[in-house]
Peer 1: 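Here it is: the structure, laid out below.
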Amino acid sequence: MLLADSLVVIGMATASLGTIQEADGVKEHSFWLRNAGQEAVALQQGYTSCGCTTIHFAQGARLQPGDSSRVTLRFNPRGKGGEFHEVGTIEYGKHKKRINLTLTGNCVTSEETLLRQFPVRINENLRLSTDHFDLGRMRIGENKERTVVVLQRDKQDRKVPLTIRYQPDGKKRGLQHIDYPLKIRSGGKEHLFTVHLDVFIL
């Protein structure tokens with residue numbers, strides 16, 4: 001049975017842009033929506049999951065049963081890096097139903113962006129997303145986790161997440177500055193480095 005108020009995507013609701021270069025600028029993909037219901041529906045508003053993506057469509061347009069309309073998602077890779085999964089949403093009809101459209105892919109960043117994302121240098125081939133975390137207030141027995149990402153400078157510029165787990169041991173209270181040791185294996189060698197944690201132990 002056909003719904004009175006229904007839009008469907010013609011084809012796939014997810015499109016892959018593949019591997020793109022940040023330097024190449026904005027990429028876009030168009031989707032087509034069809035009114036598969038029994039009554040006219042209006043395309044009311046659209047929004048996206050991130051400011052890097054914009055959605056373009058005929059806002060306010062009324063689609064009669066069987067009519068189609070194009071929706072375009074544009075992805076700006078500036079300052080982005082790695083895999084992306086961005087969603088554009090259209091609200092339509094008197095019941096404000098939603099239909100989602102998705103762009104995926106992998107963005108190869110420029111050197112400038114990469115250095116902004118990984119500002120802490122360990123050595124020639126390794127960089128960190130950060131070397132400092134403020135854990136705020138913690139009680140004895142409480143656990144907190146944070147993630148630091150290590151950039152390995154090679155042909156793939158691999159990004160390796162390392163998990164930091166901290167639990168106060170009860171020996172000290174008040175404001176503490178903790179040196180947390182981490183290690184990673186890269187280029188056949190084991191590399192040691194330190195991340196700094198600030199925490200107020202209650």
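The first residue in the sequence is number 1, and the count goes up from there.
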Peer 1: Is the side chain of S129 donor-acceptor paired with the backbone N or O of V149 at a distance under 3.5 Å, no angle test?
Peer 2: yes
Peer 1: If we ignore angles and hydrogens, is there a donor and acceptor under 3.5 Å between the side chains of T48 and E86?
Peer 2: no
Peer 1: Report yes or no: does N35 contribute a side-chain atom to a donor-acceptor pair with the main-chain N or O of L63 at less than 3.5 Å?
Peer 2: yes
Peer 1: May I ask you to test the V108-I20 pair for a side-chain heavy-atom distance under 4.5 Å?
Peer 2: no
Peer 1: Should F200 and L197 be counted in the same cluster of Ile, Leu, Val, Met, Phe, Trp and Tyr side chains packed under 4.5 Å apart?
Peer 2: no
Peer 1: Within the structure provided, determine whether L135 and D198 are in side-chain contact (heavy-atom separation under 4.5 Å).
Peer 2: no
Peer 1: Name all pairs fulfilling the salt bridge (charged side-chain N to carboxylate O under 4.0 Å, His left out) condition that reach into residues 128-146, sequence neighbours left out, sorted by first residue then second.
Peer 2: E145-R165
Peer 1: If you measure only the distance, is there a donor-acceptor pair under 3.5 Å linking the side chains of Y47 and R98?
Peer 2: yes
Peer 1: Is the side chain of S49 donor-acceptor paired with the backbone N or O of V87 at a distance under 3.5 Å, no angle test?
Peer 2: yes
Peer 1: Please tell me if the side chains of C107 and Q21 come closer than 4.5 Å, counting only heavy atoms from C-beta onward.
Peer 2: no
Peer 1: Is there side-chain contact between W32 and V71, with heavy atoms separated by less than 4.5 Å?
Peer 2: no
Peer 1: What do the steps show when you test L17 against N106 for side chain to side chain contact (heavy atoms under 4.5 Å, CB included), and what is the final call?
Peer 2: CA-CA 8 Å; L17 296 178; N106 184 59; over 6 Å; no
Peer 1: Could you tabulate the donor-acceptor pairs under 3.5 Å formed by side-chain atoms of residues 120-127, not counting sequence neighbours?
Peer 2:
{"from": "R121", "atom 1": "NH2", "to": "E124", "atom 2": "OE1", "distance (Å)": "3.3"}
{"from": "N123", "atom 1": "OD1", "to": "N125", "atom 2": "N", "distance (Å)": "2.8"}
{"from": "N123", "atom 1": "OD1", "to": "L126", "atom 2": "N", "distance (Å)": "2.9"}
{"from": "N123", "atom 1": "ND2", "to": "H191", "atom 2": "ND1", "distance (Å)": "3.4"}
{"from": "R127", "atom 1": "NE", "to": "F118", "atom 2": "O", "distance (Å)": "2.7"}
{"from": "R127", "atom 1": "NH2", "to": "F118", "atom 2": "O", "distance (Å)": "3.3"}
{"from": "R127", "atom 1": "NH2", "to": "P119", "atom 2": "O", "distance (Å)": "3.3"}

Peer 1: Looking only at heavy atoms, what is the nearest atom pair of G141 and Q167, with distance?
Peer 2: O-NE2, 3.0 Å
Peer 1: Taking the side chain as every heavy atom from C-beta outward, state whether F133 and V195 have any atom pair closer than 4.5 Å.
Peer 2: yes
Peer 1: Would a single hydrophobic cluster contain both F57 and L33, if residues Ile, Leu, Val, Met, Phe, Trp and Tyr are joined by side-chain heavy-atom contacts under 4.5 Å?
Peer 2: yes
Peer 1: Would you check if the side chain of Y92 reaches a backbone N or O of L7 as a donor-acceptor pair within less than 3.5 Å?
Peer 2: yes
Peer 1: Side chains of Q44 and E91: donor-acceptor distance under 3.5 Å anywhere?
Peer 2: no
Peer 1: Got more than 12 heavy atoms from elsewhere within 6.0 Å of CZ, R78?
Peer 2: no
Peer 1: So if you build clusters from Ile, Leu, Val, Met, Phe, Trp, Tyr with side-chain heavy-atom gaps below 4.5 Å, do I55 and F31 land together?
Peer 2: yes
Peer 1: Side chains of I178 and Y166, heavy atoms from C-beta outward: is any pair under 4.5 Å?
Peer 2: yes
Peer 1: Could you check whether any side-chain heavy atom of R153 comes within less than 4.5 Å of a side-chain heavy atom of L114, counting everything from C-beta outward?
Peer 2: yes
Peer 1: I'd like to know if the side chain of D179 pairs up with that of T194 as donor and acceptor (distance under 3.5 Å, no hydrogens or angles considered).
Peer 2: no
Peer 1: Do R62 and D67 touch side chain to side chain, with heavy atoms closer than 4.5 Å?
Peer 2: no
Peer 1: Looking only at the side chains, is there a donor atom on one of S186 and Q152 sitting less than 3.5 Å from an acceptor on the other?
Peer 2: yes
Peer 1: Flag the pair E111 and R116 as a salt bridge only when some basic side-chain nitrogen lies within less than 4.0 angstrom of an acidic carboxylate oxygen.
Peer 2: no
Peer 1: Flag the pair F75 / F84 as yes when their ring centroid distance falls below 6.0 Å, and as no otherwise.
Peer 2: yes
